[in-house]
Undergrad: 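Before anything else, here's the structure in question.
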Amino acid sequence: MADILPTLLFAEHDDASLNPVTARALTAALALGAPVHVLVAGENAQAAAQAAARLDGVAEVLLADGPAFAHRLAEPVAALGVALAPAYGALIAPSTAVGKSVMPRIAALIDVMQVSDVIAVVAPDTFDRPIYAGNAIQRVRATDATRVLTIRTAAFAAAGEGNAAPLRTLDLAEPSAHSHFVGEDIAASARPELTAARIIVSGGRALGSAEKFHEIVEPLADALGAAVGASRAAVDAGYAPNDWQVGQTGKVVAPDLYVALGISGAIQHLAGMKDSKVIVAINKDEDAPIFQVADYGLVGDLFEIVPELKAEIAKAKA
Amino acid sequence: MKILVPVKRVVDYNVKIRVKADGSGVELANIKMSMNPFDEIAVEEALRLREAGTASEVIAVSIGPAKTDETIRTALAMGADRGIWVKTEEAGQGNTVEPLTVAKLLKAIVEAEGPSLVILGKQAIDDDSNQTGQMLAALLGWPQATFASKVVVGDGTLDVTREIDGGLQTLRLDLPAVLTTDLRLNEPRYASLPNIMKAKKKPIEQKNAAELGVDLAPRLEILSTTEPSGRTAGIKVASAAELVGHLKQAGVL
Ligand SMILES: Cc1cc2nc3c(=O)[nH]c(=O)nc-3n(C[C@H](O)[C@H](O)[C@H](O)COP(=O)(O)OP(=O)(O)OC[C@H]3O[C@@H](n4cnc5c(N)ncnc54)[C@H](O)[C@@H]3O)c2cc1C
Ligand SMILES: Nc1ncnc2c1ncn2[C@@H]1O[C@H](COP(=O)(O)O)[C@@H](O)[C@H]1O
């Protein structure tokens, strides 16, 4: 079909760089079969736009740059999406905090029912998505003329790089009238990002304090070059920051290796990590449900085992 | 100000659901139902604002089939002042009404009731959609703050701290506004026995979709519901050294 409408992918970025989940969502976007344009909305986001132009398969990058799009607040970005929507057959974003906030706003304004957290593109209008914390997979056909999707990026491989797509600058900035940015508390970390990491070490309630979490979990992560995750219980208790939470209502990850330390394996936690390639669990309760999904289980006290494990890894890497 | 709190009746979070063998949905017969946990947090936040003298009235609203009033009653027992139940037919396939439709129904109720604030859960733990609050805010043309972990009321404004991917973000919203709750916003109270008794006398007004001018027809056609590909338990190892040996062999180190 010559007149097939292109797909618009909303890039996840921090102005300076493109978040790796964008390349994964691109794979899902390309599976729809239409040309893919990538929208980079931000302030001084030229660098992120150039990174988007390098992704293989991108037909065009649209850059909406200006103070109105600083911090990608939901109202201005959604207004931009609504303005662009008529030219597109599908609007797609990774299921990040920004994507989750912006896309339903657009969907409602163009009267479309969104499909959240797509894990497979079965056909251009048919998608698989998890429900009930991933304990069931629903296959849905979207009947609206435009599709609005958020993508569970852990389920898609990243598109490659080497492209040089053209970049078009948009002039559509409309500042948000009723919500204003006050501040942000974003911890800088040298560790890989949770949703992009090849290895993740997560700690649970068993750690008992923020100090112990820091002393036990983080050095093992560093020995492995891993990102750090946590259970809800560990986050609620203040052992770990909120953005480390893995699970149904936190981040969904699928690294090559996931190491669960003192995590029982509640359904809500499993929902966020059970698609990892290899799962290791260390828990003193041999009946802990985490062992039902673990490839390798070690029953015992994590406070003894983790330092040993760290030493063994150092030996193996030497 | 009035606060509207939409609460959804869902399968209790402790229940491990079963997929029906014929792929037609999830087994819902004789299963424990509860208020969506994020909505308990929403009710709690609204009650705290009323107790602080900021809010005058807390209205719980739910959309759903028979027995949905039990969930509204739970909100009333926690302390909400009154309820509104948009009664829908017994949904086929165990479907609930889609978020876009829920948002349209809620918009009609907002227009009738005139709240300054609507507090929803960030996500219903059955459909895991994470859409309704954002859609409602869009339809009303109101500002939104999703994933709230702290709310401070100002003069005609609201400062909301949000749990975002890299940490925390604070926004100032002009009222009226829509909020969605995250887990760290508060710890919801339990209803006391006297309050459960009192709740029985609180009014629940019943409405239907037609009188609110909203079509319930779904936009997503559910083709099948299946079991995810399972994972089988692996092996237990005896020591850290043995574990590292396996991980090397598996090629993940
Ligand atoms: C609406 C809702 C959403 C939720 N979302 C999430 C989510 O996204 N992510 C999430 O993780 N949870 C989530 N939960 C919470 C979930 O139900 C569990 O409560 C939580 O995952 C438990 O965390 P945990 O495994 O760290 O703690 P626990 O269940 O208390 O487990 C601690 C484990 O540590 C073991 N242990 C104790 N001491 C030691 C030791 N010295 N050495 C080794 N092992 C030890 C124990 O045997 C136990 O298995 C959610 C819950 C609700 C209601
Ligand atoms: N049927 C419903 N009745 C009342 N509130 C609902 C209903 N469905 C969703 N909500 C509200 O919208 C929130 C998000 O739901 P969802 O978008 O389905 O994940 C829930 O936490 C509720 O606050």
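Per chain, numbering begins at 1; letters A, B, ... match sequence-line order.
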Undergrad: Side chain from CB out, backbone as N, CA, C, O: work out which of these in A:A78 comes under 4.5 Å of a heavy atom of chain B, or both, or neither.
TA: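 For A:A78, no heavy atom lies under 4.5 Å from chain B.
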Undergrad: Using a cut-off of under 4.5 Å on heavy-atom pairs, state which of A:T150, A:V280, A:V278, A:D111 scores highest against chain B.
TA: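 Among the listed options, the one with the most contacts to chain B is A:D111.
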Undergrad: Would you say that A:M113 contacts B:P218 through its side chain, given a criterion of any heavy-atom pair below 4.5 Å between the two side chains?
TA: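 No - every pair of side-chain heavy atoms lies 4.5 Å or more apart.
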Undergrad: If you count heavy-atom pairs within less than 4.5 Å of chain B, which of A:K310, A:R139, A:E184 leads?
TA: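 Maximum pair count with chain B is reached by A:R139.
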Undergrad: Against chain A, work out which of B:L173, B:T226, B:V19 has the most heavy-atom pairs shorter than 4.5 Å and name it.
TA: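 It is B:T226.
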Undergrad: Answer yes or no: is there a donor N or O on one side and an acceptor on the other, between the side chain of B:K104 and the main chain of A:A108, under 3.5 Å?
TA: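 Such a contact is absent between B:K104 side chain and A:A108 backbone.
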Undergrad: Taking B:A241, B:G166, B:G234 one by one, which has the highest count of heavy-atom pairs under 4.5 Å against chain A?
TA: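 Answer, by heavy-atom pair count under 4.5 Å with chain A: B:G166.
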Undergrad: Could you tell me the separation between the OG1 atom of B:T225 and the CG atom of A:N135, rounded to the nearest 0.5 Å?
TA: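 One finds 13.0 Å between OG1 of B:T225 and CG of A:N135.
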Undergrad: Can you confirm whether A:K317 is buried at NZ, in the sense that more than 12 heavy atoms of other residues, nucleotides or ligands lie under 6.0 Å from that atom?
TA: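 Yes, the 6.0 Å shell around NZ holds more than 12 heavy atoms from other groups.
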Undergrad: Relative to chain A, which of B:Q144, B:R162, B:E163, B:K122 shows the most heavy atom pairs under 4.5 Å?
TA: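 Option with the top pair count is B:Q144.
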Undergrad: For chain A, find which of B:I125, B:L139, B:T146 contributes the most heavy-atom pairs closer than 4.5 angstrom.
TA: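 Ranked by contacts with chain A, first place is B:I125.
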Undergrad: Need one label for B:V160: side chain, backbone, both or neither, based on atoms under 4.5 Å from any heavy atom in chain A.
TA: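 No part of it gets close to chain A.
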Undergrad: Report the distance from atom CG of B:L247 to atom CG of A:L309, rounding to the nearest 0.5 Å.
TA: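 The CG atom of B:L247 sits 7.5 Å away from the CG atom of A:L309.
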Undergrad: List the steps, then state whether side chain to side chain contact (heavy atoms under 4.5 Å, CB included) holds for B:V26 with A:Q138.
TA: CA-CA 10 Å; B:V26 163; A:Q138 209 172 49; over 6 Å; no
Undergrad: NZ/A:K100 to OG1/B:T180 distance, rounded to the nearest 0.5 angstrom?
TA: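 Interatomic distance, A:K100 NZ to B:T180 OG1, rounded to 0.5 Å: 10.5 Å.
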Undergrad: To the nearest 0.5 Å, tell me how far B:N130 CG sits from A:M103 CE.
TA: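 Here the rounded value is 13.0 Å.
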Undergrad: Would you check if A:Q114 and B:E98 make a side-chain contact, meaning some heavy-atom pair closer than 4.5 Å?
TA: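 No, side chains not in contact.
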Undergrad: Any idea which of A:L194, A:V112, A:I119, A:V98 has the most non-hydrogen atom pairs under 4.5 angstrom with chain B?
TA: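 The candidate making the most pairs under 4.5 Å is A:V112.
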Undergrad: Of the listed residues (B:A103, B:G23, B:A250, B:P99), which shares the most heavy-atom pairs with chain A below a 4.5 Å separation?
TA: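 Result: the option with the highest number of such pairs is B:P99.
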Undergrad: Sort B:R172 into side chain, backbone, both or neither according to what part of it lies under 4.5 angstrom from a heavy atom of chain A.
TA: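 Both backbone and side chain of B:R172 come within 4.5 Å of chain A.
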Undergrad: If you count heavy-atom pairs under 4.5 Å with chain B, which of A:I267, A:I305, A:L109, A:D144 comes out on top?
TA: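 Max contact count across the listed options: A:D144.
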Undergrad: Checking heavy atoms, do the side chain of A:R198, its backbone, both or neither come under 4.5 Å from chain B?
TA: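 When you check distances to chain B, only side chain atoms of A:R198 fall under 4.5 Å.
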Undergrad: Out of the candidates B:D128, B:D126, B:D127, only one should pair with A:Y132 under the side chain to side chain contact (heavy atoms under 4.5 Å, CB included) rule; please name it.
TA: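 With A:Y132 as partner, B:D128, B:D126, B:D127 yield a single side chain to side chain contact (heavy atoms under 4.5 Å, CB included), made by B:D126.
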Undergrad: Given that the side chain runs from C-beta out, which part of A:T126 has a heavy atom under 4.5 Å from chain B: side chain, backbone, both or neither?
TA: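 Side chain only.
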Undergrad: Could you give the distance from CZ (B:R219) to CZ (A:R141), rounded to the nearest 0.5 Å?
TA: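 Taking CZ in B:R219 and CZ in A:R141, the distance rounds to 13.5 Å.
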Undergrad: For B:R231 and A:I279: C-alpha separation, side-chain torsions, deciding distance, then whether side chain to side chain contact (heavy atoms under 4.5 Å, CB included) applies.
TA: CA-CA 10 Å; B:R231 238 193 132 94; A:I279 297 174; 3.5 Å; yes
Undergrad: Is the CD atom of B:E187 crowded by more than 12 outside heavy atoms at less than 6.0 Å?
TA: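 Atom CD in B:E187 is not packed in, count stays at 12 or less.
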Undergrad: Would you compute the distance between atom CD1 of A:I137 and atom CD of B:E227 and round it to the nearest 0.5 angstrom?
TA: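 Between atom CD1 of A:I137 and atom CD of B:E227 there are 9.5 Å.
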Undergrad: Sort B:F38 into side chain, backbone, both or neither according to what part of it lies under 4.5 angstrom from a heavy atom of chain A.
TA: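 Contact with chain A is through the side chain of B:F38 alone.
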Undergrad: If you count heavy-atom pairs within less than 4.5 Å of chain B, which of A:D125, A:I199, A:V235 leads?
TA: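 Looking at each of A:D125, A:I199, A:V235 in turn, A:V235 comes out on top.
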Undergrad: Are B:L183 and A:Q245 packed together at the side-chain level, in the sense that at least one heavy-atom pair is separated by less than 4.5 angstrom?
TA: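 Yes; the side chains approach each other to less than 4.5 Å.
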Undergrad: Which atoms form the tightest heavy-atom contact between A:P104 and B:Q134, and what is the distance?
TA: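 Taking every non-hydrogen atom into account, CB-CB, 3.6 Å.
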Undergrad: Between B:L243 and A:E312, is any pair of side-chain heavy atoms under 4.5 Å apart?
TA: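 Not in contact.
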Undergrad: Quick one, A:E12 and B:D165 - any side-chain contact, counting heavy atoms below 4.5 Å?
TA: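 Yes, side chains in contact.
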Undergrad: Which bit of A:I186 comes within less than 4.5 Å of chain B, counting heavy atoms only: side chain, backbone, both or neither?
TA: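 Both backbone and side chain.
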Undergrad: Of all of A:T143, A:V82, A:D295, which one pairs up most often with chain B through heavy atoms under 4.5 Å apart?
TA: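 Max contact count across the listed options: A:D295.
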Undergrad: Where does A:E193 contact chain B at under 4.5 Å (heavy atoms): side chain, backbone, both or neither?
TA: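 For A:E193, there is no contact with chain B at all, as no heavy atom is under 4.5 Å.
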Undergrad: Which residue out of B:A238, B:S239, B:A124 racks up the most heavy-atom pairs below 4.5 Å with chain A?
TA: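 So the answer, after comparing B:A238, B:S239, B:A124, is B:S239.
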Undergrad: Please state whether the side chain, the backbone, both or neither of B:K248 comes within less than 4.5 Å of a heavy atom of chain A.
TA: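 Only the side chain of B:K248 comes within 4.5 Å of chain A.
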Undergrad: Report which part of A:I106 has an atom under 4.5 Å of a heavy atom belonging to chain B: side chain, backbone, both, or neither.
TA: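 For A:I106, no heavy atom lies under 4.5 Å from chain B.
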